[in-house]
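Here's the structure we're looking at; comments come further down.
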Amino acid sequence: MSSTASDPARRIDPMPVTVPPARLMAELEKILTAMPRTTIVERRSDFLRAEVRSLLGFVDDVEFFVDPSHNLLHMRSASRTGYWDLGVNRRRLETVRSQLRRRLG
């Protein structure tokens with residue numbers, strides 16, 4: 001699932017950025033660190049990458065990138081193995097999006 005995917009089945013809309021990127025990334029980091037089995041593995045001022053481990057040990061990569069030229073937050077969540085995820089990655093990104101909206105007003 002990615003906001004940059006061309007395939008509509010694998011695409012999720014990017015989120016408009018309405019606050020300073022530093023605040024957005026700080027809130028995003030709080031949301032991700034509160035998620036079960038989630039570890040942030042890379043952070044920059046405009047990028048955040050985390051790994052989410054399933055109960056069976058599978059790893060999903062989750063990435064967020066602020067595009068300041070278009071005021072958008074791009075997002076991606078994908079399994080490292082397999083094709084069918086039963087909608088887990090879309091639900092994960094929608095949950096993060098919902099929590100960001102609630103926190104940022």
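Looking at Arg43, its side chain never comes within 3.5 Å of a backbone N or O of Met25 through a donor-acceptor pair. A donor-acceptor pair under 3.5 Å is absent between the side-chain atoms of Ser69 and the main chain of Asp67, judged by distance alone. Put simply, the side chain of Arg97 gets close to the backbone of Asp13: a donor and an acceptor are under 3.5 Å apart. Ser98 contributes no side-chain N or O that, together with a main-chain N or O of Glu94, makes up a donor-acceptor pair within less than 3.5 Å.
Note that the CE atom of Met15 and the CG atom of Leu104 stand 6.0 Å from one another [nearest 0.5 Å].
Residues Arg80 and Glu51 are in side-chain contact: their nearest non-hydrogen atoms beyond the backbone lie under 4.5 Å apart. Between Arg91 and Val88 there is a side-chain heavy-atom pair separated by less than 4.5 Å.
Both Met35 and Val62 belong to a common hydrophobic cluster when Ile, Leu, Val, Met, Phe, Trp and Tyr are linked at side-chain heavy-atom distances under 4.5 angstrom. Grouping the Ile, Leu, Val, Met, Phe, Trp and Tyr side chains by contacts below 4.5 angstrom, directly or via other members, places Phe58 apart from Leu93. Cluster membership for Leu73 and Val19, using ILVMFWY side-chain heavy atoms within less than 4.5 angstrom, is shared. Under the 4.5 Å side-chain contact rule for hydrophobic residues, Leu28 and Val41 do not share a cluster. Placement of Met1 and Leu72 in two distinct hydrophobic clusters is found when ILVMFWY residues are connected by side-chain heavy-atom separations under 4.5 Å, directly or transitively.
In this structure, Asp60 pairs ionically with Arg92, as a charged nitrogen and a carboxylate oxygen lie closer than 4.0 Å.
Cluster note: Phe47 groups with Phe65 through ILVMFWY side-chain heavy atoms spaced under 4.5 Å, whether in direct contact or through intervening members. Cluster partners of Leu55, using a side-chain heavy-atom cutoff of under 4.5 Å among ILVMFWY residues and allowing indirect links: none.
Partner of Ser3 under the side-chain hydrogen bond (donor to acceptor under 3.5 Å, both in side chains) criterion, out of Arg11, Glu63, His74: His74 alone.
Other residues, nucleotides and ligands place more than 12 heavy atoms under 6.0 Å from the CZ atom of Arg37.
For Ser79 against Asn89, the heavy-atom pair with the smallest separation is N-ND2, 3.7 Å.
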